[in-house]
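Owing to the predicted nature of the structure, the values given are computational and were not obtained by experimental measurement. Positions are given from 1, in the same order as the sequence printed here.
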Amino acid sequence: MTLTLAIIALTCVVSFVAFGRPALVQQLILWPPAIARRGEYWRLLTPVFLHFGVLHLAFNSLWLWELGRRIERARGHLTLLALLALTGAGGNIAQYLFDGGVMFGGMSGVIYGLLGYAWVWNRVSGAPGLVLPPGLMAVMLGWLVLCMSGLVEAIGFGAIANAAHGAGLALGALLGLGAALLYSRPPEPEP
């Protein structure tokens, strides 16, 4: 759980330091020309650490704690770190490709990636230890659909990075499937 706490702490620090500092936010957002011309590949991931309000930060931190600590305990630090990097960058790229905008941030794509990973891992691997609370998948998918409907944005909660959410979920599920299939594969016979 130490990596989960470190990720939450880093997210809080980055978000609070960036509040009201547009120049710093500009350095952290996904900006394809900077990535292509200057090799600033870190910009593929840094938007996950930006949050544009305390409620957004608290909501994502709570879900990161709930899902991240379970994955870290059951599958280890490296799995959690890989999921953060792959679903974070993948979700950010999907969001950019979907709407062409660069001003987005948040850990939600990663949260959905962790959810997809845990859900598929549980269904396919047969291994104990990565149990999700009952009804969690239904609640999270319901929230995803509600966000994609436009209602959440219409009532004033701000723009939602729906492509990052969907891509994070899909990538996490694929990574969970791959890990579960590798885990449950019978050992190779010795010659």
Side-chain angles (χ1 to χ4, degrees), residues 1-21 24-31 35 40-96 102-122 129-133 136-137 139-140 143-144 147 158 160-176 178-179:
M1 294 186 291
T2 55
L3 180 59
T4 303
L5 286 173
I7 294 167
I8 291 170
L10 177 62
T11 302
C12 289
V13 168
V14 169
S15 294
F16 284 120
V17 169
F19 283 154
R21 292 192 173 94
L24 177 57
V25 171
Q26 289 296 321
Q27 291 299 311
L28 297 174
I29 61 172
L30 180 73
W31 184 244
I35 294 167
E40 296 177 359
Y41 297 105
W42 45 269
R43 287 179 181 259
L44 294 171
L45 186 60
T46 52
V48 303
F49 299 106
L50 281 174
H51 289 76
F52 301 111
V54 175
L55 185 60
H56 185 213
L57 177 61
F59 191 70
N60 282 343
S61 294
L62 288 171
W63 282 117
L64 181 57
W65 172 251
E66 183 64 34
L67 295 167
R69 70 185 169 98
R70 292 172 187 270
I71 290 172
E72 184 177 6
R73 189 175 338 154
R75 302 291 296 137
H77 306 304
L78 292 178
T79 297
L80 180 60
L81 193 58
L83 287 168
L84 169 73
L86 294 171
T87 62
N92 289 338
I93 291 166
Q95 186 62 40
Y96 176 77
V102 294
M103 188 54 73
F104 58 85
M107 191 68 71
S108 302
V110 173
I111 301 301
Y112 275 100
L114 299 177
L115 179 70
Y117 177 90
W119 187 70
V120 172
W121 170 265
N122 283 339
L130 190 49
V131 178
L132 296 175
L136 177 65
M137 193 67 177
V139 168
M140 293 296 284
W143 179 251
L144 181 66
C147 289
I160 307 292
N162 291 314
H165 295 176
L169 182 64
L171 286 168
L174 286 172
L175 292 167

(message) Would you compute the distance between atom CG of Asn122 and atom CZ of Arg70 and round it to the nearest 0.5 angstrom?
(response) 10.0 Å

(message) If we ignore hydrogens and angles and just use 3.5 Å, is the side chain of Glu72 paired with the main-chain N or O of His77 as donor and acceptor?
(response) no

(request) Could you please spell out the steps behind the side-chain contact (heavy atoms from CB on, under 4.5 Å) verdict for Leu44 and Asn92? (result) CA-CA 7 Å; Leu44 294 171; Asn92 289 338; 6.0 Å; no

(message) Can you pull out every salt bridge (Lys or Arg N to Asp or Glu O under 4.0 Å) where at least one residue sits in residues 44-54? Sequence neighbours excluded, please.
(response) none

(request) Taking all heavy atoms of Ala18 and all of Leu24, pick out the closest pair and write down the distance. (result) CA-CD2, 3.8 Å

(request) Drop me the distance from Ser108's OG to Leu144's CG, to the nearest 0.5 angstrom. (result) 10.0 Å

Review item, side-chain donor-acceptor pairs of residues 49-58, under 3.5 Å, at least two apart:
| residue | atom | partner | partner atom | Å |
| --- | --- | --- | --- | --- |
| His51 | ND1 | Ser15 | OG | 3.3 |
| His51 | NE2 | Asn60 | ND2 | 3.0 |
| His51 | NE2 | Met107 | N | 3.2 |
| His56 | NE2 | Asn60 | ND2 | 3.3 |

(message) Are Leu114 and Glu66 packed together at the side-chain level, in the sense that at least one heavy-atom pair is separated by less than 4.5 angstrom?
(response) no

(request) Report yes if some heavy atom in the side chain of Thr87 is under 4.5 Å from a heavy atom in the side chain of Leu175; otherwise report no. (result) yes

(request) Compare every heavy atom of Arg75 with every heavy atom of Ala179, then report the nearest pair and how far apart it is. (result) CB-NH2, 4.2 Å

(request) Take Tyr96 and Ile29 through the side-chain contact (heavy atoms from CB on, under 4.5 Å) test and state the conclusion after the steps. (result) CA-CA 10 Å; Tyr96 176 77; Ile29 61 172; over 6 Å; no

(request) Please work out whether the ring planes of Tyr117 and Trp121 are parallel, tilted or perpendicular, with thresholds of 30° and 60°. (result) parallel

(request) Look up atom CD1 in Ile71 and atom CG in Leu64, then write down how far apart they are to the nearest 0.5 Å. (result) 9.5 Å

(message) Is the shortest side-chain heavy-atom distance between Leu171 and Leu86 below 4.5 Å?
(response) no

(message) Measuring only between side-chain heavy atoms, which start at C-beta, is Leu67 closer than 4.5 Å to Leu132?
(response) yes

(request) Find the distance between OG1 (Thr4) and CG (Leu81) and round it off to the nearest 0.5 Å. (result) 10.5 Å

(message) For a 4.5 angstrom cut-off between non-hydrogen side-chain atoms, does Arg43 reach Gln27?
(response) yes

(request) Search all heavy atoms of Ala163 against all heavy atoms of Ala94 and return the closest pair with its distance. (result) CB-O, 3.7 Å

(message) So which atom in Ile160 and which in Cys147 form the shortest heavy-atom distance, rounded to 0.1 Å?
(response) CG2-CB, 3.8 Å

(request) Without swapping roles, check the side chain of Tyr112 against the backbone of Gly172 for a donor-acceptor pair under 3.5 Å. (result) no

(message) Are more than 12 heavy atoms, taken from residues, nucleotides or ligands other than Trp31, located less than 6.0 Å from that residue's CH2 atom?
(response) no

(message) Working to the nearest 0.5 angstrom, can you tell me the gap between Trp63 CH2 and Trp143 CH2?
(response) 11.0 Å

(request) Would you indicate whether the side-chain heavy atoms of Asn162 and His165 approach each other to under 4.5 Å? (result) yes

(message) The test is side-chain contact (heavy atoms from CB on, under 4.5 Å); show your working for Trp65 and Ser61 and say whether it passes.
(response) CA-CA 6 Å; Trp65 172 251; Ser61 294; over 6 Å; no

(request) Assess whether atom CZ of Arg21 is packed by more than 12 heavy atoms of other residues, nucleotides or ligands within 6.0 Å. (result) no

(request) Check whether any side-chain heavy atom of Thr46 sits under 4.5 Å from a side-chain heavy atom of Val14, and report yes or no. (result) no

(request) Would you indicate whether the side-chain heavy atoms of Leu80 and Arg69 approach each other to under 4.5 Å? (result) no

